[in-house]
Enquirer: 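Provided herewith is a single structure, encoded as structure tokens, for subsequent inquiry.
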Amino acid sequence: MDGEVLTQPTFRSLGWTWWTRRPSYLLVFLRETSSVFIAVQVVLVLVLLHKAGQPAADYQAYLDFLWNPGMVVFHVVSIAFALLHTYTWFNLMPQTVAIRIRGRRIPGLLLVAPQFGGWAVVTGLIIAWVWWVGAG
Amino acid sequence: MSTAIETMVKFEVFRYQPDWDEPTYQVYDVPYREDWVVLDALNYIKDTIDGSLTYRWSCRMGVCGSCGAMVNGYPKLTCAAFLSEYLPGPIRVEPLVNFNVERDLVTDLEGFMEKLESVQPWIIREDGATDDLKSEYLQTPSQHAAYQQFSMCINCLLCYAACPVSSHSEEFIGPAALALAQRYNLDTRDEGVEQRRDVILKDEGIWECSFVGECSAVCPKHVDPAGAIQQAKMTGAIDYYRRLLMPWTVKS
Ligand code: SF4
Ligand code: FES
């Protein structure tokens, strides 16, 4: 042997369409893609807050923009993504957090349930507040 | 004399030899046996049809970790993949993806070996007593339980073949090696956390993982490398903020 390279190895990858290969990949892909929509939504809300301090006409123009059909579709898609992200994220928590009591890992449900519970409470409070503001 | 007609299963096996330009798929007809796994079929092909077929195996019982391959597109231990699960066929057998192919189903493990070594998967003692075989380091059952799951890895590399990040980043240290790093970091006998720190926290370490989680889904030993990596991220983040906000609590 003279140290010459005898093989021509070929690298086989999953390719850029990896997320189409299995349902589980697709779900992860959607979970990660959801971040883009959530980020855009955050920007829209920040602009809304900024516009609230501007003259009323500006504010109204922005509201009209948010109500155009394209924006409404965007928000419907965004909320679906936000729900998917939240749901999958909460369910992943038991893998991420390993809390042990007397050497045993606590059941995953104990980590997942409080998050869904907290989510429900916060959502309830926001709905109640919006309703209260609307009524008052 | 038996007159029963044998059921045959078609195998499409990935073939590649070092002096070929292109890999091809070769088709073999293999008799179906209820108790056969894909590895039995490969052995049948090699023994009776085509002696040139090349693949790795050793224990035939899910322990050595050498027989991994893609079976119908999923990473599997061929010694644990029953033909009955793939009826009526055809069954496509390919080398694990995300690795270079040396020949047929045999992949090049050099890159993985380097990554594995880089996380120093052995007990490190600050007093340098690693070689001192006379010392005794006691551990309670619950301390052992903290890392036990991550120590079950057989280096079969199915997790790398399931990982899209490994597919696109040759440098990513990857699931099994990072799980082993976590295994030693969690071991109360080990004092090497600081020594592994840079490798685990660098860009190609835990932070490159986007928690696809498929590594844990395919792992035949239920190691849960995805869990190990997320737990390491959690520890890493806490450690970062501790260094930032309470530097006096960190040993230099
Ligand atoms: S973590 Fe599991 S899939 Fe990955 S090499 Fe170890 S045993 Fe195989
Ligand atoms: S031959 Fe050893 S794990 Fe399959």
Side-chain angles (χ1 to χ4, degrees), chain A residues 1-39 81 84-112 115, chain B residues 14 16-23 70 73-74 94-103 106-108 110-111 140-150 161-170 182 186 210-214 216-218 224-235:
Chain A
M1 285 291 198
D2 52 7
E4 171 196 0
V5 179
L6 294 174
T7 56
Q8 303 170 325
T10 54
F11 183 75
R12 302 180 67 242
S13 104
L14 290 170
W16 288 106
T17 52
W18 62 271
W19 47 278
T20 59
R21 286 181 173 237
R22 299 178 201 172
S24 52
Y25 284 156
L26 182 63
L27 190 68
V28 169
F29 183 78
L30 292 175
R31 185 189 80 207
E32 299 297 308
T33 309
S34 66
S35 318
V36 176
F37 285 80
I38 293 168
F81 268 130
L84 173 77
H85 195 108
T86 312
Y87 177 80
T88 49
W89 190 249
F90 284 178
N91 282 323
L92 286 172
M93 200 50 80
Q95 248 180 307
T96 309
V97 180
I99 299 176
R100 291 173 181 279
I101 295 177
R102 291 208 203 92
R104 278 171 179 273
R105 271 185 71 176
I106 62 167
L109 193 65
L110 280 185
L111 290 163
V112 175
Q115 298 184 93
Chain B
F14 179 100
Y16 173 77
Q17 310 284 330
D19 52 355
W20 295 2
D21 290 336
E22 286 290 320
M70 306 301 282
Y74 279 77
E94 302 164 282
L96 289 178
V97 294
N98 302 339
F99 291 96
N100 287 319
V101 179
E102 294 278 10
R103 188 186 193 98
V106 173
T107 48
D108 175 10
E110 203 54 47
T140 66
S142 65
Q143 287 171 333
H144 175 249
Y147 67 82
Q148 200 257 355
Q149 180 182 22
F150 303 144
C163 175
V165 180
S166 295
S167 212
H168 298 110
S169 159
E170 211 185 321
Q182 181 72 353
L186 290 176
S210 54
F211 205 173
V212 172
E214 199 66 7
S216 298
V218 301
D224 191 9
I229 295 172
Q230 308 326 304
Q231 289 162 34
K233 283 183 188 170
M234 197 70 118
T235 312

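First the proteins, then the strands, lettered A, B, ... as listed; each starts at 1.
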Enquirer: Examine whether an atom of A/R31 lies under 4.5 Å from a heavy atom of chain B, and if so say whether it belongs to the side chain, the backbone or both; otherwise answer neither.
Expert: side chain
Enquirer: Report the residues that fulfil salt bridge (Lys or Arg N to Asp or Glu O under 4.0 Å) with A/R100, sequence neighbours left out, ordered by chain and then residue number.
Expert: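 Per chain and number, A/R100 pairs via salt bridge (Lys or Arg N to Asp or Glu O under 4.0 Å) with no residue.
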Enquirer: Which region of B/T140, side chain (C-beta onward) or backbone (N, CA, C, O), has a non-hydrogen atom less than 4.5 Å from a non-hydrogen atom of chain A, or is it both or neither?
Expert: neither
Enquirer: Taking all non-hydrogen atoms of both residues, which atom of B/P95 and which atom of A/R12 are closest, and how far apart?
Expert: O-NH1, 3.1 Å
Enquirer: Just checking A/Q115: does its CD atom have more than 12 heavy atoms from other residues, nucleotides or ligands closer to it than 6.0 angstrom?
Expert: yes
Enquirer: Given a strict heavy-atom distance threshold of 4.5 Å, which part of B/Q148 is in contact with chain A: side chain, backbone, both, or neither?
Expert: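 Contact with chain A: none, neither part.
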Enquirer: To check you understand the geometry: which heavy-atom pair defines the closest contact between A/G15 and B/S167, and what is its length?
Expert: N-OG, 4.1 Å
Enquirer: Return the minimal non-hydrogen interatomic distance between B/V212 and A/V28, and the atom names on each side.
Expert: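 Closest approach of B/V212 to A/V28: O-CG2, 3.4 Å.
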Enquirer: Tell me if a side-chain donor or acceptor on B/Q230 pairs with a main-chain N or O of A/V97 at a distance below 3.5 Å.
Expert: no
Enquirer: Quick check: closest heavy atoms across A/Y25 and B/C163, and the distance to 0.1 Å?
Expert: OH-N, 4.4 Å
Enquirer: Let's test your reading of the structure: which of B/A228, B/G227, B/P164 forms the most heavy-atom pairs below 4.5 Å with chain A?
Expert: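 Of the candidates given, the most pairs with chain A belong to B/P164.
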Enquirer: Nearest heavy-atom pair of B/A162 and A/R22: which atoms, and what distance?
Expert: CB-NH1, 4.5 Å
Enquirer: Using a cut-off of under 4.5 Å on heavy-atom pairs, state which of B/K233, B/E170, B/H168 scores highest against chain A.
Expert: B/H168
Enquirer: Taking C-beta and beyond as the side chain, do B/N98 and A/S13 meet within less than 4.5 Å on heavy atoms?
Expert: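 The answer is yes, as the side chains (C-beta and beyond) meet within the 4.5 Å cut-off.
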Enquirer: Is chain B contacted by the side chain of A/W19, its backbone, both, or neither, given a heavy-atom distance below 4.5 Å?
Expert: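 Looking at A/W19, nothing touches chain B.
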Enquirer: So do A/R21 and B/E214 actually touch side chain to side chain, heavy atoms under 4.5 Å?
Expert: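 The answer is no; the side chains never approach within 4.5 Å.
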